[in-house]
Amino acid sequence: MRLYPAIGMVAALLAASTACAQAAPPMMDMPAAALPPTLPWSGASERLIVVPDDPWITPAEQSDFVTTPRLAETRAWLERLDAASPLITLESFGRSGEGRELLLVRASKGGGSKPVVLVQAGIHAGEIDGKDAGLMLLRDIALRGKHTLLDHVDLVFVPIYNVDGHERMSRWNFPALRGPLEKGTVGNARNINLNRDYAKADAPETRALIALLRRLDPILYIDCHVSDGFDMQYDVTFTYAGWGRYAYHRATADWLMGRFGPSVMKTLERAGHTPTSYPSPIDTRVPEKGIRQAPEGPRYSTGYGDFIGVPTVLVENHMLKPYRQRVLGTYVLLEAALKLAGQDHDRIVAAKRSDRASRPATMLTSWKPASAPIGWVERFKGVAFETYRSPATGRLEQRWTGQPITLRMPIMGQEPLASVLLPKAWWVPQAQAEVIDRLRLHGIRFETLTSPRDMALDRVRLREAATQAPQDGRTPLKASFAHETVNVALPAGTVRVPFDQPLGLLAAALLEPEAPDSFLAWGFFPEILAAPSKAEDFVRAPIAEAVLANDVIEKAFAARLAGDPAFRSDPQARLAWLLARLPEPYPGYTSYPILRETQANR
Ligand SMILES: [Zn+2]
C-alpha cells in the first residue's frame, strides 16, 4: 500500500500537539496536501492578470491567488475604486445577522434606468471565486477600457453576500477546494444555508436580497459557487433551475438554454477554459452511474429566479481547479454574460413578460427518478482514479490520478409523480402573521377582507404528518393530504391571495401544502400538530359514545377491539381512536390553516 501523503502530516501534527517542544506542525499544509494532483492548465484568460506593480492590482492578484481578502480589505479596495471612477458606486442594501453591512457595487454610465445584471458572490462564503473575479472585472470596466460593457446594461455586483460566514475564515472550511488558503463557511451566523432560504426567507441576508431583487428586477441574475463531486477536466460549469429542462417558466429558461449557454460556453473555450453544463453526480464513487437532473423549488437562487421570472444562472466552478484558474474563468463568464445581456436585453425583457403573463393550470409537486436515462453525455471529459484500502474507513477509497479519460455517462432525469390543480386563490387567516409577512416581502399581491364573508372552500387535512430532521433553522414536515369542501365564515382581516398575478406561480409554490418548498413543508405551522389539550374523561367518554352511533365507525371499532387485545385494554387509546373520528375533533388540529378557493368554489 502506498502511504497517502496526508497521513505523515497528521501523525506529525499529533506528535507536535502532544510534545510541546516540537517544531511547528506541517499540518499547516494539511487540507491542500489531501487533494488529488492538479491538471496542467494555461489559457488566454491569464492575460487578464495585471503586473505586480500595477497600482490597481486586486488583493487576490497581489497574493498570486493564494489568499482572498477579508471584508475590510475588500471594502477598502472598492472604496478606492469608487473614489477614482464616476462609473462605480458603493452602496449598502441591508445588514447581516451579526450587523455587518451588505455591500453592493453599481457599475453604471448613468443616463436613466438601464436594465440590470445582478451578480452575487459568496452565498456559500467559502466559494468565493466570484468576489475576486468581480473586483478585477470592475477595475477593467472602470479604468481599463471595458466600459462599453455598460452601454446597454448596469452591473450590480454583491461581492460578499454571506458576509458573516465569510469572516469565519479557516483553512479547514471547504477542505476540498483548491484555494484560497482560508475560506468562510457554508451557512450564515445561524448556520442557515442562504441558498435554501429564498422561499422561507428567515435570514436577514435573504430578506435584504429579496428586497434588492424586487427593486432591481434584473434581466439576468448570476449566483457564483464552487462545486463538489468527482474529479473531471472541466473547470467552469454552470446551469439553471432544473437544468433548464425542468424549469417552471419556459420563456426565460429557453433564453438561457438557447442563447446564454452556447454564447458563454464559446467565449470560455476561446479564453482557454473547459466549460460544460454543471454535472451533478449520482455517485461520486461510480462516475459511470451518470449525472442527475431534477426540478427545483424556490428555496434556491435558481429556483427562485425561475418562479419570479428572472433568468438565473448557477455558476459551479470545479473545486479541484486552482483558485487562479477558477477566478479567471469566472471573470470570462461574467464579462461574456454582460456583453450578451447588453445585446439581448429586449429579448430577455420579452421573455420575462411572457413568463409573468403565463397562468399554468397545474403545478408539479413531486417527482421520482426516471427508470431510463433521458439522454447521454457521449464524451464526458473525466479523470481516472485508482482505489486503495483506507485504514481510516476500512474500505476502498478513491485516489484520482490526474489522468484524463473519456466517459460515456447517462443523464438521469425525473418523471412526474403528482401535480396540483391550481386554485383561484388562497385564504390566509389574519393570525398567520409570519406567512403574511413573507407574502409582502416577496411582493405577492393580496387583498384583505373588510367585512366577514361566508364561503365554501377547499380545506386540506394532514394525514400521517411527520416532522423531519431540523434543517436551516426550521423543522421540515412531510405529510399526506386529504381535501374536503367546508363552509366557513371568514372574519374581516382574512387575506385573499389570487393566483392570477405575475407572481402567482411563486404564491402557489409557497401556499400549496403539497409543494416541496411550501411554508407547510418548511414547518411553518407547528401548532396544527400540537396534541390538543384533553378534557376530563367523564366528558370525553360520552362524546366518544356518541361517535359510536355511526354504524360504520361502530363496526370498525368492534373489529379493532376483537383483533387487538392491547388496544381493547387501553382506555385512552380507545378514546383517542373514537375522538379522531369526529368531523372536526379539535379546531385546527391537523387542518392546514390556509384555505383554497378552487375553480368549483363559490
Ligand atoms: Zn455553493
Side-chain angles (χ1 to χ4, degrees), residues 31 35 68 96 102 118-134 157-180 182-200 202-203 205-206 209 213 221-232 234-243 275-281 284 291-294 296-306 312-323 325-327 329-330 333-334 337 471-473 517:
L35 298 180
T68 192
S96 70
L102 298 172
L118 174 63
V119 177
Q120 72 190 24
I123 188 171
H124 296 150
E127 305 168 3
I128 201 62
D129 311 14
K131 174 187 66 183
D132 290 315
F157 177 66
V158 176
I160 311 171
Y161 174 28
N162 175 13
V163 63
D164 292 346
H166 184 270
E167 296 302 284
R168 287 170 159 69
M169 277 199 188
S170 155
R171 68 183 66 212
W172 292 93
N173 290 334
F174 290 92
L177 269 58
R178 200 183 305 279
E182 291 192 322
K183 311 166 199 80
T185 57
V186 177
N188 73 351
R190 281 186 59 210
N191 201 21
I192 292 174
N193 182 334
L194 299 180
N195 203 27
R196 305 288 184 273
D197 195 45
Y198 282 80
K200 63 188 173 70
D202 284 331
E205 297 87 350
T206 309
L209 191 86
L213 274 168
Y221 178 30
I222 300 179
D223 184 21
C224 299
H225 293 249
V226 180
S227 78
D228 43 22
F230 41 46
D231 198 0
M232 59 184 187
Y234 303 99
D235 57 353
V236 181
T237 77
F238 56 89
T239 192
Y240 329 109
W243 279 262
T276 193
S277 173
Y278 168 56
S280 177
T284 301
I291 53 181
R292 177 182 170 275
Q293 301 189 351
E296 63 189 62
R299 69 176 59 188
Y300 303 105
S301 61
T302 36
Y304 191 73
D306 179 22
T312 303
V313 179
L314 174 79
V315 180
E316 290 279 3
N317 285 342
H318 187 240
M319 62 188 177
L320 294 176
K321 301 300 176 287
Y323 191 54
Q325 182 180 352
R326 288 177 2 227
V327 170
T330 310
L333 181 143
L334 295 179
Q471 187 195 341
D472 297 307
D517 277 350

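Just so it is clear, the values below take in all heavy atoms, side chains as well, and ignore hydrogens, waters and symmetry mates. Note that ligands are numbered from 1 as they come in the structure, with each ligand's atoms numbered from 1 the same way.
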Indicate yes or no for a side-chain donor-acceptor contact from N173 to the backbone of R168 under 3.5 Å, with no hydrogens or angles considered. yes

Mind checking side chain to side chain contact (heavy atoms under 4.5 Å, CB included) for T312 and listing every partner two or more places apart, or none if nothing turns up? Y221, T302, V310

Of all residues at least two apart in sequence or in a different chain, which pass the side chain to side chain contact (heavy atoms under 4.5 Å, CB included) check with A176? M319

So which of the N, O or S atoms of H124 lies nearest the Zn ion (ligand 1)? ND1

So, 2.8 Å as the limit: is an N/O/S atom of E127 located closer than that to the Zn ion (ligand 1)? yes

Quick check: of its N, O or S atoms, which one does H225 have closest to the Zn ion (ligand 1)? ND1

Out of N162, T185, D223, N193, which residue meets the side-chain hydrogen bond (donor to acceptor under 3.5 Å, both in side chains) rule with H124? N193

